[in-house]
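Proteins come first, then strands; the chains are lettered A, B, ... in the order of their sequence lines, and each starts at number 1.
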Amino acid sequence: MAKGNTPQAIRGTQDIFGPEAEAFAFVVETFERVRKLYRFRRVEMPVFEKTEVFSRAIGETTDVVSKEMYSFEDRGGDSLTLRPEFTAGIARAFLTNGWQQHAPLKVATHGPLFRYERPQKGRYRQFHQIDAEIIGAAEPQADVELLAMADQVIRELGIEGVTLHLNTLGDGDSREAWRAALVEYFSAVKGELSEDSQERLEKNPLRILDSKDRRDQKFVADAPKIDAFLSAEAKAFFDAVTSGLDAAGVKWKRAESLVRGLDYYRHTAFEFIPDEGSAAADALGSQSTILGGGRYDGLMESLGGAPTPAVGWAAGIERLAMLVGDHQESQTDVVVVVEDDEMVSQGQSAVSAIRDAGLSAEFIASGGKKKRFDKAVKVGSRVIIAMSDGERRVRYDEGSPDLESLAATLRSLDLDA
RNA sequence: GCGAUCGUAGCUCAGUUGGUUAGAGCGCCGGUUUGUGGUACCGGAGGUCGGGGGUUCGAGACCCCUCGAUCGCCCCA
């Protein structure tokens, strides 16, 4: 409980600590390692941008832009927004920095994002994502490489029971034709749809397809399918993506009703979703998607740039961290405990030497003298060096690994000096 | 934006149908015991019972408002 006059944390923010912080770090470290295997280049992006970067790129009518952005006016009168996603900012950077010269450009980043939503399990107002984009590559091979990387990240995190759900939205014309057919189809039965879906009919008819409401689901099965509206080129593109995934050994599943919420998606759309009834699904509560993305060939134009094909994905670090299991903080190598205040400076010298040698060490020299050794034991270390009565005694934890090399390192330090 | 559940020490929680001075375990600090020892015992610090109002002779318990948390809807990572 906070004291009366202590300010509280902002709703939907988290103070991550202990095993959860370790799991978080494990996700980021794994991502960084895999990203280098695929030769994605690291970028660091601003946390805020001019509001129009997001409103133009993501789409004014989307929930993200219309009601979830943290926007404010700065002292110069510009409307700025805390980034709700990475892609729009990266696209802006691509255009303003002339990164066309590096195309096709593979970049990766990670960090905090902000969305004004009701927090719940796996969902926060400040959350964190890992993100990968390939910009300036029109070939389906780019989609394959990007997805292979996503798949490897998830595998290397040791996450099981998660499947790649894949769909195509076709090119711009295919998507529009499909959308029109869906509106026509659902309009005919509008009165029987859920209230939410009646509204979706106006705002985002594609989303009716993955409604959870039974009233909608009975119509969804017979709704028009994207495949009937795909141009020959769009179909060939999707076939190339799927056969490429097969060749890369990435398992996937066709998800005809998978659509993505943001306006800029074209062609490939995908999400990694826990299998129903799996431990992963259970751990995530009502959130299902842990990684999502797709191709966004039209985005650069919406920001005033030349047409530039691109694909990307992002994954929620918190959601991934919930699936990677316990990650304990690493064991301390050495604890130096001084039970005799005469020896404090010798103890301090020893700890410094041990740390300089690359071993982790805790130093205990305060509190009741009789209880210091108990404290040292409690830390849980591979070695305890106890100093008292002018003497130094060493106790090894027989159970811990590589004690020989550790002992050798300690001997080489000549701690008596 | 909507709904449900919940807020008592640093943490996990007790607290009878409303009834003296609000408790326990763990953790923390100190002491005794032990003396290569993670033990046992004793003591201590730490609480405006989330906040405000109301009902009552009397509220941590009941009512209203508010803030926050958790979970769900919407949407998303």
Does a side-chain N or O of [X] approach OP1 or OP2 of [N] to a distance below 4.0 Å, or not?
| X | N | result |
| --- | --- | --- |
| A:Thr62 | B:C75 | no |
| A:Lys375 | B:C29 | yes |
| A:Gln120 | B:C71 | no |
| A:Arg260 | B:C76 | no |

Counting only heavy atoms not in [X], do more than 12 fall under 6.0 Å of its [atom1]?
| X | atom1 | answer |
| --- | --- | --- |
| A:Gln120 | CD | yes |
| A:Phe48 | CZ | no |
| A:Glu342 | CD | no |

Considering only atom [atom1], compute the distance from [N] to [M] and round it to an integer number of Å.
| N | M | atom1 | result |
| --- | --- | --- | --- |
| B:C41 | B:A22 | P | 27 Å |
| B:G43 | B:C6 | P | 37 Å |
| B:G68 | B:G50 | P | 16 Å |
| B:G51 | B:U8 | C1' | 15 Å |
| B:A14 | B:A9 | C1' | 13 Å |
| B:A40 | B:C57 | C1' | 48 Å |
| B:G10 | B:G53 | C1' | 31 Å |
| B:A24 | B:G47 | C1' | 14 Å |

At 4.0 Å (heavy atoms only), tell me whether [X] reaches a base, stays on the sugar-phosphate, or touches nothing.
| X | result |
| --- | --- |
| A:Arg372 | nothing |
| A:Gly12 | sugar-phosphate |
| A:Gly122 | base |
| A:Glu68 | sugar-phosphate |
| A:Tyr124 | base |
| A:Gln287 | base |

task: Return the 5'-most residue of the pair A:Arg118, A:Arg11 with respect to RNA chain B, ranking by each residue's nearest nucleotide.
output: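 In this pair, the answer is A:Arg118.
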
With a 3.5 angstrom cut-off on both distances, give the Watson-Crick or G-U wobble partner of [N], or none if there isn't one.
| N | result |
| --- | --- |
| B:U17 | none |
| B:U32 | B:A40 |
| B:C62 | B:G54 |
| B:A22 | none |
| B:G3 | B:C71 |

Atom pair distance, as rounded to whole Å: [atom1] in [X] and [atom2] in [N]:
| X | N | atom1 | atom2 | value |
| --- | --- | --- | --- | --- |
| A:Ile384 | B:G38 | CD1 | P | 11 Å |
| A:Ile58 | B:C76 | CD1 | P | 11 Å |
| A:Met387 | B:G35 | CE | C1' | 20 Å |
| A:Arg115 | B:G1 | CZ | P | 18 Å |
| A:Lys67 | B:C73 | NZ | C1' | 11 Å |
| A:Glu199 | B:C73 | CD | P | 17 Å |
| A:Asp15 | B:G10 | CG | P | 17 Å |
| A:Arg125 | B:C76 | CZ | P | 17 Å |

- prompt: Got a donor-acceptor pair under 3.5 Å from the side chain of A:Lys371 to the base of B:G38?
  reply: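 Not at all, since no donor on one side and acceptor on the other fall under 3.5 Å apart.
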
Measure from the side chain of [X], starting at C-beta and using heavy atoms only, and say which of [options] lies closest.
| X | options | answer |
| --- | --- | --- |
| A:Asp374 | B:A77, B:G38, B:G35 | B:G38 |
| A:Asp63 | B:G68, B:G37, B:C75 | B:C75 |
| A:Ser286 | B:G37, B:A77, B:G72 | B:G72 |
| A:Gln129 | B:G37, B:A77, B:A69 | B:A77 |

- request: Tell me whether A:Phe127 is stacked on the nucleobase of B:A77, counting only the six-membered base ring and applying the 5.5 Å and 30° thresholds.
  value: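 The ring of A:Phe127 is stacked on B:A77.
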
query: Between the side chains of A:Thr163 and A:Asp275, is a donor N or O closer than 3.5 angstrom to an acceptor N or O?
result: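 Side-chain D/A pair, A:Thr163 to A:Asp275: present.
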
- request: Determine whether the side chains of A:Glu117 and A:Tyr124 contain a donor N or O and an acceptor N or O closer than 3.5 Å.
  value: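 Not at all, the side chains of A:Glu117 and A:Tyr124 share no donor-acceptor pair under 3.5 Å.
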
Cationic N near anionic O, under 4.0 Å, A:Asp227 to A:Lys225: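 Salt bridge between A:Asp227 and A:Lys225, a charged N being under 4.0 Å from a carboxylate O: no.
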
message: Apply side chain to side chain contact (heavy atoms under 4.5 Å, CB included) to residues A:Val336 and A:Ile364 and explain how you reach the verdict.
response: CA-CA 6 Å; A:Val336 174; A:Ile364 295 177; over 6 Å; no

message: Can you pull out the residues from residues 206-213 of chain A that lie within a 4.0 Å heavy-atom distance of RNA chain B?
response: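 Contacts with RNA chain B under 4.0 Å: A:Arg207, A:Lys212.
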
field: cation_pi(A:Arg83, A:Phe54) dist<6.0 Å, angle<=45
entry: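 Not satisfied by the 6.0 Å and 45° rule.
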
query: What's the verdict on side chain to side chain contact (heavy atoms under 4.5 Å, CB included) for A:Leu164 and A:Val250, showing C-alpha distance, side-chain angles and the deciding distance?
result: CA-CA 8 Å; A:Leu164 166 57; A:Val250 176; 3.9 Å; yes

message: Using a 3.5 Å distance criterion without hydrogens, assess whether the side chain of A:Ser211 forms a donor-acceptor pair with backbone atoms of A:Ile208.
response: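 Such a contact is absent between A:Ser211 side chain and A:Ile208 backbone.
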
query: For the ring pair A:Phe94 and A:His102, is the centre-to-centre distance below 6.0 Å?
result: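 Not close enough - the centres of the two rings lie 6.0 Å or further apart.
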
